[in-house]
Every structure is written in structure tokens, then in C-alpha cells.
Amino acid sequence: VHVHATIAPATLRRDRDLAAIARASSGAVGSDKPQGMTGVEHHLDFRTRVSLTSRRGRACAWFDEINVDLALASVEIFVPSEYPEGSCEYDAVLTHEREHERVYAESLRAAAKDIEAALTGAKWLPARGNPIEVEGGADAEAMLNVKARKVVNPIYDKFKEDLKNEQAL
């Protein structure tokens with residue numbers, strides 16, 4: 001089991017004004033409304049290597065390798081164009097948005113650790129010493145991948161929900 005967390009460097013964007021940022025974040029401009037925004041794109045890539053053997057008319061399959069790549073593929077920090085670089089407002093918004101960036105990266109690393117622990121701990125997943133009988137070779141990898149995704153997807157779904165909740169803060 002190999003789980004990798006990749007975090008793209010953040011891009012600072014200054015091409016939106018307060019109103020555009022408020023519209024993009026479904027808010028309105030005001031002292032208690034969004035003044036900056038951090039947007040992220042994330043993805044999950046899943047690759048496996050499966051072995052298949054056939055003895056006495058029975059086909060058996062197991063995972064040789066499970067690779068999961070969890071990524072913040074894009075991180076964009078928006079600071080309103082009205083705030084000159086170096087101004088108090090600019091610095092306050094940028095500091096706040098950098099905190100979102102830090103929390104997102106921390107959440108991604110935690111999700112990667114959780115996925116690795118869950119896959120390693122799922123002793124019911126077919127391995128060399130614990131193969132499963134399959135109908136035929138063509139469907140074996142797809143069937144095994146469904147089993148692995150039952151471990152990975154709930155953790156990834158929780159990560160996505162956590163990101164959504166964090167952006168609301």
C-alpha cells in the first residue's frame with residue numbers, strides 16, 4: 001500500500017474585486033462577509049496491480065499493490081483588487097486565506113494517513129496470503145478495485161466535506 005499526498009503551490013490572484021469575490025463565494029460584501037477567498041481543486045487517483053492464478057479449475061486473485069494519490073491539484077488565493085499590496089486590508093485578508101491554505105494541506109495529509117491506515121488494516125482485502133476466488137481474469141481487477149474503493153471512498157468523501165465546511169469559515 002502506497003498513499004501519496006501532493007499539494008500544489010498556491011497562486012495569488014488579484015484580478016477580482018470585493019463584489020466578484022462575494023458573488024463567487026455566495027456571499028455579500030460587508031464587515032461580516034467574505035473579503036477574500038481560497039479556491040481548491042482536489043483529486044483522487046487510484047491504481048492497483050493484481051495477480052491472478054488458476055489451479056484445479058479455480059481462478060484466484062489478490063492485490064500485489066495499491067497506490068493512491070490524493071492531491072490538492074490547484075490552490076488559488078484571491079485578495080480583492082481594491083486592496084493595495086502591503087496595505088493593512090491586503091495583509092489581513094492574505095493572512096486569513098493562507099490559514100485556509102494551511103488547514104487544507106493539513107486535512108489532505110491527514111486523509112492520506114487515514115487512507116493508508118485503513119487500507120493496511122483492512123485484512124479482508126485480498127492479498128497474496130488471502131486470495132479470493134473469481135469467475136475469470138477479465139473481471140478480477142475490477143472486482144478487487146471495488147473492494148479497495150469501499151475502504152478509500154468514505155475517507156475521501158469525508159475529506160471533501162471537511163474542505164467544504166472549512167471554506168464556510
Side-chain angles (χ1 to χ4, degrees), residues 1-13 21 24-27 34 36-79 93-169:
V1 173
H2 304 284
V3 181
H4 304 281
T6 306
I7 301 163
T11 302
L12 179 59
R13 302 264 313 261
I21 290 172
S25 62
S26 301
M37 183 174 67
T38 300
V40 296
E41 289 183 21
H42 49 81
H43 75 265
L44 172 74
D45 186 27
F46 191 87
R47 295 175 320 283
T48 59
R49 193 163 43 95
V50 172
S51 285
L52 183 67
T53 187
S54 184
R55 288 191 209 151
R56 294 174 277 216
R58 291 180 29 207
C60 296
W62 64 87
F63 287 112
D64 280 321
E65 197 171 293
I66 300 174
N67 292 292
V68 179
D69 292 313
L70 189 57
L72 288 179
S74 168
V75 180
E76 292 183 316
I77 294 176
F78 294 87
V79 176
V93 170
L94 183 58
T95 297
H96 176 83
E97 297 307 323
R98 290 278 187 213
E99 181 61 15
H100 282 292
E101 175 190 15
R102 185 193 67 74
V103 169
Y104 293 157
E106 194 174 277
S107 296
L108 181 89
R109 287 186 201 99
K113 286 181 183 176
D114 290 347
I115 288 170
E116 186 166 22
L119 285 168
T120 303
K123 301 302 181 198
W124 52 269
L125 285 174
R128 181 173 292 281
N130 183 33
I132 61 168
E133 193 168 329
V134 294
E135 294 273 330
D139 297 328
E141 188 167 8
M143 189 172 91
L144 267 61
N145 284 344
V146 166
K147 290 180 176 296
R149 286 192 179 277
K150 285 182 181 178
V151 175
V152 173
N153 286 352
I155 298 167
Y156 185 59
D157 290 345
K158 181 183 181 310
F159 164 74
K160 292 187 295 187
E161 187 64 29
D162 289 348
L163 283 186
K164 192 165 98 176
N165 292 337
E166 171 56 30
Q167 184 60 38
L169 298 177

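Qualifying side-chain contact (heavy atoms from CB on, under 4.5 Å) partners for Ala61, counting only residues two or more places apart in sequence or in other chains: Val50, Leu52, Val134, Ala140, Leu144. Looking at residues two or more places apart in sequence or on another chain, you find a salt bridge (charged side-chain N to carboxylate O under 4.0 Å, His left out) between Lys158 and Asp162. For Arg98, the salt bridge (charged side-chain N to carboxylate O under 4.0 Å, His left out) test picks out Glu101, with sequence neighbours left out. Applying the side-chain contact (heavy atoms from CB on, under 4.5 Å) rule to Glu161 yields the partners Lys164, Asn165; only residues at least two apart in sequence or on another chain are considered.
Separation of the Tyr104 and His42 ring centroids does not fall under the 6.0 Å cut-off.
Taking the side chain as every heavy atom from C-beta outward, Phe78 and Thr38 never approach each other to under 4.5 Å. With a 4.5 Å cut-off on side-chain heavy atoms, Ile66 and Val3 do not count as touching. In this structure, Asp157 and Ile155 have side chains that are not in contact, with every pair of non-hydrogen atoms separated by 4.5 Å or more. Side-chain contact between Ile132 and Met143 is present, with heavy atoms from C-beta onward closer than 4.5 Å.
Of the possible polar contacts, none joining the Glu97 side chain to the Ile77 backbone as a donor-acceptor pair under 3.5 Å is found.
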For a side-chain contact (heavy atoms from CB on, under 4.5 Å) check, start with the C-alpha distance between Leu12 and Leu94, then their side-chain angles and the critical distance, and finish with the verdict. CA-CA 9 Å; Leu12 179 59; Leu94 183 58; 3.9 Å; yes

Review point. Run the side-chain contact (heavy atoms from CB on, under 4.5 Å) check on Val75 and Thr11 step by step: do they pass?
Key: CA-CA 6 Å; Val75 180; Thr11 302; over 6 Å; no

For side-chain contact (heavy atoms from CB on, under 4.5 Å), just list the numbers for His2 and Leu119, CA-CA rounded to whole Å, side-chain angles, deciding distance to a tenth of an Å, and then say yes or no.
-> CA-CA 9 Å; His2 304 284; Leu119 285 168; over 6 Å; no

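Between Ala112 and Ala5, the shortest heavy-atom distance links the atoms CB-CB, 3.9 Å. Considering every non-hydrogen atom in both Leu70 and Ala111, the closest pair reads CD2-CB, 3.7 Å. Among all heavy-atom pairs drawn from Ala8 and Ala73, the shortest one is CB-O, 3.3 Å. Nearest approach of Phe63 to Ala148, heavy atoms of both residues: CZ-CB, 3.8 Å. Across every non-hydrogen atom of Ala122 and Val151, the tightest pair is CB-CG2, 4.0 Å.
Applying the side chain to side chain donor-acceptor pair (under 3.5 Å) rule to pairs touching residues 107-134 yields Arg58-Glu133, sequence neighbours excluded. Listed by first and then second residue, the side chain to side chain donor-acceptor pair (under 3.5 Å) pairs involving residues 43-55 are Asp45-Arg47, Arg47-Asp69, Thr48-Glu141, Thr48-Asn145, Arg49-Glu65, Ser51-Asp64 (not counting sequence neighbours).
A 6.0 Å sphere centred on NZ of Lys160 holds more than 12 heavy atoms belonging to other residues, nucleotides or ligands. Residue Glu99 qualifies as enclosed at atom CD: its count of foreign heavy atoms under 6.0 Å is above 12.
Relative ring orientation between His96 and His100 is described as perpendicular, the plane-to-plane angle rising above 60° on a 0-90° scale split at 30° and 60°.
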